[in-house]
Amino acid sequence: MIWNATKECMSAEDRRTMQGERLRRLVERVYHSVPFYRRRMQEMEVSPQDIRSIDDIVRLPFTTKQDLRDNYPYGLFAVPMSEIVRLHASSGTTGKPTVVGYTRADLAMWAEMTARCLTAFGIDRDDIVSVGYGYGLFTGGLGLHYGVEHLGGTVIPTSSGNTAKHIGLMHDFGATALACTPSYALYLADALRDCGMPRDEFRLRTGIFGAEPWTENMRREIEAKLGIDAYNIYGLSEIMGPGVSYECGSKNGSHICDDHFYPEIISPDTLEPLTHGEQGELVFTTLTKEGLPLLRYRTKDLCELDPTPCECGRTNVRMSRIVGRSDDMLIIRGVNMFPSQIESVILEMEEFEPHYLLIVDRVNNLDTLEVQVEVRDGFYSDEMNRMMELRRKIASRLHSVLGLAADIRLVEPGTIERSEGKAKRVFDKRKLN
Amino acid sequence: MTIISQLSVFIENRAGRINEVTRILAESGINMSAFSLAESADFGILRMIVSDVEGARAALREAHFGVSVTEVICITCPNRAGAMHRVMEVLAREQIFIEYMYAFSEGETADVVIRPSDVARAAEILHSFDFGERE
């Protein structure tokens, strides 16, 4: 099934015309209502009149996460706050999160995009969907929630954090679909096997997985262990949230809602556009967003684009799986984090040397983060309590900055490699490729 | 009773780490007269009374060990039933907590190393402490 065949299956020519028209209006709008973009465009000597078709997009400035931080909290909003009806925020690097504001129309569009995804996964109004993403500032929970409602399905706002309860709800309420991170799905699969309730008492048949990169191997494992059909849903809060792209039954790349989010692939080094089929950094322009419209937002996600029509009938461009990042961001249990966040916490604490090592792994299908630090000379103690207190102190600071619990390992002085150049600070033992 | 300096060394729970400490002390000609090991899941704290605190500290730091020096109380008490109890009782009465302690007996006497919550106060109390001849 296709939710909006007019938009999802339009001809290439009609699509380009519509994208060009929407881009033209977008540029007109941000030029006049967002001083940041007007300044950038003036610096580049581009005016709204120069944008006549979608091909002119390459003349526009890029936007980065740093730009969002520099304009924290509302500097890039294109409408007055009276028009904003909801805020979401991503986890803060060194204290400052990035804030996204949505108008009523933005939320309606988001709900429709998510309904498109759900329909492509074979979900309809007869389905009961348990949303296991966290509800809150993170876009996963509420994004899926309103998508299911828009579709007309039944949503169980389970949220994250209590596996036993989640299993009980899915069992008792007859959930037919589950939305969560793929790594949590694997964890849940083991818990479900050990819960004592037989599989045939569950009606679960579809999985909606995103918020972290995953592999075909993980898909096979999830499908085999849970006995379901597993689909990828992609999104990022800066652009909207889950629903930017979605897989269809052919599971051959994710269809981008490119009538609203225009994708480009660029070289992260030269910033030059790359041609279809070449791997590079994914960039999005939000063609219709009102609250926080972004021109050429650099996602730092590496993938490639395929514009050929899909066997499912959809004609929107497809993106491959995310194969990596052009920066050092880590996604741990669905939470985005940068090593620099950990570094800033350690640098602020006089009790520790300014060196650290991060070890990321996947144990029993759940991501783990170990942070190794050295206690600074003068802070070693003969008392075990004091040493434990040091560990507890850094753990709680990291938790408040990352929104994620890390295992702290105190190591002997000098064991962490010192290097003049680029020291290897992160060991990611998870296998994603 | 004397106040002495105790050396504490942070060691990770890995094979051969204690061995490394004892090797360094041996090579520096430093004698260890008492020690105890506090342990947790990831690391331990090796506490020692050594013949040359500064020499041992320098040698261990040179080898990148995390070292701290703490004042502790060493009291020599008769090696007989009830002697230790009397020391504990007087400290408890004065509201002095024991962070940790360890002891080594040798013949007629036992050397007890005590890390009290308040070293100066504990020293004052124990300074004139008399074990007496018999219970």
Side-chain angles (χ1 to χ4, degrees), chain A residues 342 346 349-361 363-364 366 368-399 405-420 423 425 427 429, chain B residues 3-21 24 34-50 53 56-74 97-102 113-119:
Chain A
I342 292 176
I346 294 168
M349 297 182 72
E350 58 169 0
E351 298 94 330
F352 298 97
E353 292 285 346
H355 307 287
Y356 61 91
L357 204 59
L358 309 183
I359 296 165
V360 185
D361 205 347
V363 180
N364 295 326
L366 265 194
T368 58
L369 171 64
E370 178 180 293
V371 180
Q372 295 190 357
V373 281
E374 296 172 8
V375 174
R376 182 169 284 166
D377 195 30
F379 289 93
Y380 281 99
S381 172
D382 58 319
E383 290 177 51
M384 189 54 88
N385 283 348
R386 292 250 185 102
M387 297 304 287
M388 290 301 192
E389 174 59 22
L390 279 182
R391 192 161 75 163
R392 198 201 56 73
K393 190 171 164 188
I394 189 170
S396 97
R397 290 216 189 163
L398 282 175
H399 190 270
D407 299 322
I408 308 298
R409 191 178 178 89
L410 304 182
V411 297
E412 288 173 13
T415 41
I416 296 169
E417 183 202 348
R418 268 70 164 162
S419 157
E420 292 293 318
R425 294 263 172 260
F427 287 87
K429 297 177 172 175
Chain B
I3 295 179
I4 55 171
S5 291
Q6 167 196 264
L7 195 67
S8 303
V9 187
F10 174 88
I11 41 176
E12 282 178 53
N13 283 0
R14 289 191 272 134
R17 294 314 289 161
I18 297 179
N19 171 47
E20 184 65 12
V21 173
I24 290 163
F35 76 89
S36 89
L37 179 67
E39 57 173 29
S40 75
D42 301 335
F43 60 87
I45 303 169
L46 184 60
R47 302 155 182 150
M48 302 174 284
I49 305 300
V50 293
V53 175
R57 167 148 71 175
L60 288 168
R61 272 203 179 144
E62 178 82 4
H64 298 295
F65 276 98
V67 187
S68 66
V69 174
T70 331
E71 287 193 330
V72 291
I73 285 178
C74 184
F97 301 102
I98 310 289
E99 301 291 353
Y100 56 82
M101 56 186 273
Y102 47 100
V113 177
I114 302 173
R115 170 74 157 88
S117 51
D118 183 339
V119 176

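Side chains included, hydrogens not; waters and symmetry mates left out as well; all remaining heavy atoms used. Throughout, a chain's letter reflects where its sequence line sits, starting with A, and its residues are numbered from 1.
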Residue [X] versus chain A: region with a heavy atom under 4.5 Å:
{"X": "B/Glu39", "result": "backbone"}
{"X": "B/Tyr100", "result": "side chain"}
{"X": "B/Glu12", "result": "both"}
{"X": "B/Val69", "result": "neither"}
{"X": "B/Ile11", "result": "both"}
{"X": "B/Thr70", "result": "side chain"}

Original post:
How about residues 377-389 of chain A versus chain B: which residues have heavy atoms under 4.5 Å apart?
Top reply: A/Asp377, A/Tyr380, A/Ser381, A/Asp382, A/Glu383, A/Met384, A/Met387, A/Met388

Original post:
Which bit of A/Arg391 is near chain B, if near means a heavy-atom gap under 4.5 Å: side chain, backbone, both or neither?
Top reply: side chain

Subject >> Heavy-atom proximity to chain B below 4.5 Å, by part of A/Val411 >> reply: both

**OP:** Let me see the working for B/Phe10 and A/Leu410 under side chain to side chain contact (heavy atoms under 4.5 Å, CB included), right down to the final yes or no.
**Re:** CA-CA 9 Å; B/Phe10 174 88; A/Leu410 304 182; 3.6 Å; yes

Original post:
What is the distance from atom CZ of A/Arg409 to atom CZ of B/Phe43, rounded to the nearest 0.5 Å?
Top reply: 10.0 Å

Original post:
Got a sec: does the CZ of B/Phe35 have more than 12 other heavy atoms crowding it under 6.0 Å?
Top reply: no

**OP:** Kindly write out the residues that satisfy side-chain contact (heavy atoms from CB on, under 4.5 Å) with B/Ala58, not counting sequence neighbours, or none if the list is empty.
**Re:** none

